[in-house]
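One structure below.
No hydrogens, no waters, no symmetry mates; every other heavy atom, side chains included, goes into these values.
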Amino acid sequence: MRIAIVIGHQVDSPGAGNKEKGVFEFGFNEPLAHKIADKLAAYGHEPIVIYRKTYAALPADINRTEPDMIISLHCNAFNYETSGTTMLYYKPSKKGKVLAACLQESVTKALGLRDRGIVGKKTGRGKSLLKGTKAPAVIAEPFFIDNNKDLKAAYQHFEKLVDAYVEGAILAEKRFQNPLIRC
């Protein structure tokens, strides 16, 4: 299985952050993406780590790699207090919903944060990535990076988070083939 792992944001546009701790989405997600890729490769899958050149070109850049599924790594941010895990998928995509559900279950369990559920998108934030890619795609928001407790949980359970992404992706693949399999 070819799995595209997209690193949310880029060096010169690092995304949301925790200014107190000096950590931003790109800085957290770049090493995470490579750890996930290493573990997926060890299980015999073909991971593809994708860096964003421009947001407009990202769906086409991903599609050129011909993945079977796409996980775009991000972090949420709001008001320094909001907490929890959520996954976004393109609402009409049944496989996207399956991938989101499997990732949501495994990541929420790994981090022990509030389950904010999966969110089907047809408009708004992330729509161009979710709609513009050919394979089922999820924008992962595992925690709120501006919340010190969430960030601490993410660092304390980093290896569990890596495993959760791998387990969620593998379970989603199995469920694509057999809908009776549960996440």
Which atom pair, heavy atoms only, marks the closest approach of [X] to [Y]?
| X | Y | value |
| --- | --- | --- |
| P142 | L111 | O-CD1, 3.4 Å |
| G120 | K91 | C-CB, 3.8 Å |
| A33 | V49 | O-CG2, 4.1 Å |

Problem set entry | Qualifying residues under side-chain contact (heavy atoms from CB on, under 4.5 Å), relative to D146, sequence neighbours excluded |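 For D146 the side-chain contact (heavy atoms from CB on, under 4.5 Å) partners, ignoring immediate neighbours, are A77, Y80, F144.
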Problem set entry | By side-chain contact (heavy atoms from CB on, under 4.5 Å) - contacts of E30 (at least two apart) |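 If we apply the side-chain contact (heavy atoms from CB on, under 4.5 Å) test to E30, skipping adjacent residues, the hits are I7, F26, H34, Y51.
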Out of curiosity, [X] [atom1] to [Y] [atom2], how far, rounded to the nearest 0.5 Å?
| X | Y | atom1 | atom2 | result |
| --- | --- | --- | --- | --- |
| S83 | L113 | OG | CG | 4.5 Å |
| T86 | R116 | OG1 | CZ | 7.0 Å |
| K21 | L151 | NZ | CG | 7.5 Å |
| T82 | N147 | OG1 | CG | 7.5 Å |

Using residues 93-104 as the side-chain source, report each donor-acceptor pair under 3.5 Å to any protein atom, sequence neighbours left out, with the distance given to one decimal.
from	atom 1	to	atom 2	distance (Å)
S93	OG	G96	N	2.8
Q104	OE1	M87	N	3.3
Q104	NE2	T85	O	2.8
Q104	NE2	T108	OG1	3.3
Q104	NE2	D115	OD1	2.7

For this session: Determine, stepwise, if the pair H74 / H9 fulfils side-chain contact (heavy atoms from CB on, under 4.5 Å).
Result: CA-CA 8 Å; H74 288 268; H9 301 279; 3.5 Å; yes
Exercise. Are F24 and F78 linked, directly or through other ILVMFWY residues, by side chains that come within less than 4.5 angstrom of each other?
Worked result: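 No; F78 is not reachable from F24 via cluster members.
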Problem set entry | Residue pairs involving residues 92-122 (criterion ring-ring contact (aromatic ring centres under 6.0 Å, His included); sequence neighbours excluded) |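 Output for this query is empty, none listed.
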For this session: Under the side-chain contact (heavy atoms from CB on, under 4.5 Å) rule, what do L73 and I36 come out as? Steps first, then yes or no, please.
Result: CA-CA 11 Å; L73 302 174; I36 294 167; 4.1 Å; yes
Problem set entry | Residues clustered with L129, ILVMFWY side-chain links under 4.5 angstrom |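 Taking Ile, Leu, Val, Met, Phe, Trp and Tyr as members, L129 shares its hydrophobic cluster with V6, I48, I50, Y55, L58, I62, I70, L88, Y90, V119, L130, I139.
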Table please: side-chain donor-acceptor pairs of residues 155-177 below 3.5 Å, with sequence neighbours left out.
from	atom 1	to	atom 2	distance (Å)
E159	OE2	K35	NZ	2.9
D163	OD1	K39	NZ	2.5
R175	NE	I181	O	3.1

For this session: May I ask you to decide if C75's main-chain N or O and E25's side chain share a donor-acceptor pair within less than 3.5 Å?
Result: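 Yes; judged by distance alone, with no hydrogens or angles, the pair exists.
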For this session: Please check if the side chain of D150 supplies one atom and the backbone of F143 the other of a donor-acceptor pair under 3.5 Å.
Result: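 No; zero donor-acceptor contacts below 3.5 Å.
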